[in-house]
Amino acid sequence: MKKIVITSPGSITDEARRITNLLVTDTWRVHIRKPDWTAQQIRDLIESIPVELRQRLSLHDHHELAGSLHVGGIHLNRRNPVPPAHFNGILSRSCHSINEVSDFKAQLSYVFLSPIFDSISKNGYHASFSDGSLASAAACGIIDSKVIALGGIDDRNAKTMAKLKEWHFGGYAELGAVWNL
């Protein structure tokens, strides 16, 4: 399964080095999610990451930076529902229902489905899906290699990882478990 890491929304000490280490070890992509950061703050962070690794980054905000900084992915969300014109990289999107996955998966590189488990980083953000609904979505082919599980995932938890495989997720995204939030 593919591993994606989402950055902490706030500042993290030595963050560019930590992102670089994630990308050279076991992480397929890193999503830069800093909703309160300015374009210049995002630029400064990305410019501290080696150019050869930037194709494996995805931007949640300030999509206009992707081209000039050689960032390979754009993540669509409520704040930014449309990619910049002429963007030809990896496109992803957040989904919060099985119906949204069905509606958007075909036109994107991959989608996040969340929250699968109770969130590690957001108090009160609980799992939205039963085991049965996820098993049914997997059996129908809705959950497949293009669907990334998000919410309450720590890849050191063997039971959690076994469930994600059972439900046919193509990967998982971590935030709180990586940044200790």
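No experiment lies behind these values; they were computed from the predicted model shown.
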Drop me the distance from [X]'s [atom1] to [Y]'s [atom2], to the nearest 0.5 angstrom.
| X | Y | atom1 | atom2 | value |
| --- | --- | --- | --- | --- |
| Ile42 | His63 | CD1 | NE2 | 10.0 Å |
| Asp131 | Glu166 | CG | CD | 7.0 Å |
| Leu59 | Arg54 | CG | CZ | 11.0 Å |
| Leu113 | Ser97 | CG | OG | 7.5 Å |
| His60 | Lys34 | NE2 | NZ | 11.5 Å |
| Ile49 | His70 | CD1 | NE2 | 13.5 Å |

What pair of heavy atoms forms the shortest contact from [X] to [Y], and how long is it?
| X | Y | value |
| --- | --- | --- |
| Ala39 | Glu64 | CB-OE2, 4.0 Å |
| Glu100 | His96 | OE1-N, 2.5 Å |
| Leu175 | Ser8 | CD2-CA, 4.4 Å |
| Ala127 | Ile116 | CB-O, 3.2 Å |
| Phe112 | Leu150 | CD1-CD2, 4.0 Å |
| Phe169 | Ile148 | CD2-C, 4.0 Å |

Which residues pass the side chain to side chain contact (heavy atoms under 4.5 Å, CB included) test with [X], sequence neighbours left out?
| X | result |
| --- | --- |
| Ser48 | Ala16 |
| Ala137 | Ile98, Ile142, Ile143 |
| Pro35 | Pro9, Arg33, Asp61, Arg79 |

How about [X] and [Y]: do any of their side-chain heavy atoms sit closer than 4.5 Å?
| X | Y | result |
| --- | --- | --- |
| Ile6 | Glu174 | no |
| Thr20 | Leu53 | yes |
| Pro81 | Leu76 | no |
| Phe117 | Leu164 | yes |
| Leu91 | Tyr110 | no |
| Leu57 | Ile19 | yes |
| Leu45 | Trp37 | yes |
| Asp155 | Tyr172 | yes |

Q) If only atom types and distance count, is the side chain of Arg56 paired as donor or acceptor with the main-chain N or O of Leu23 below 3.5 Å? A)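 Answer holds: yes.
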Q. Judged by atom type as modelled, is there a donor-acceptor pair below 3.5 Å linking the side chain of Thr27 to the main-chain atoms of Ile4?
A.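 No, the answer is negative, given that no donor and acceptor are paired below the 3.5 Å cut-off.
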For [X], give me all partners under side-chain hydrogen bond (donor to acceptor under 3.5 Å, both in side chains), at least two apart in sequence or on another chain.
| X | answer |
| --- | --- |
| His75 | Ser92, Ser94 |
| Asp14 | Arg17 |
| Asn157 | Thr160 |
| Ser130 | Ser133 |

With sequence neighbours excluded, residues passing salt bridge (Lys or Arg N to Asp or Glu O under 4.0 Å) with [X]:
| X | answer |
| --- | --- |
| Arg18 | none |
| Glu47 | Arg43 |
| Arg78 | none |
| Asp26 | Lys3 |

(Q) The test is side chain to side chain contact (heavy atoms under 4.5 Å, CB included); show your working for Arg29 and Ile90 and say whether it passes. (A) CA-CA 11 Å; Arg29 298 194 68 73; Ile90 290 175; 3.4 Å; yes
Q: Please check if the distance between the ring centroids of Phe129 and Trp167 is under 6.0 Å.
A: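 Judged by ring-centre distance (under 6.0 Å), Phe129 and Trp167 do not meet the cut-off.
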Q: Would you list the pairs meeting side chain to side chain donor-acceptor pair (under 3.5 Å) in which at least one residue belongs to residues 135-145, sequence neighbours left out?
A: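 Counting only pairs at least two positions apart or across chains, the side chain to side chain donor-acceptor pair (under 3.5 Å) contacts touching residues 135-145 are Lys105-Asp144.
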Q) Taking atom types as modelled and ignoring hydrogens, do the side chains of His31 and Thr7 form a donor-acceptor contact shorter than 3.5 angstrom? A)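 Their side chains do not contain a donor-acceptor pair, so the 3.5 Å distance test is not met.
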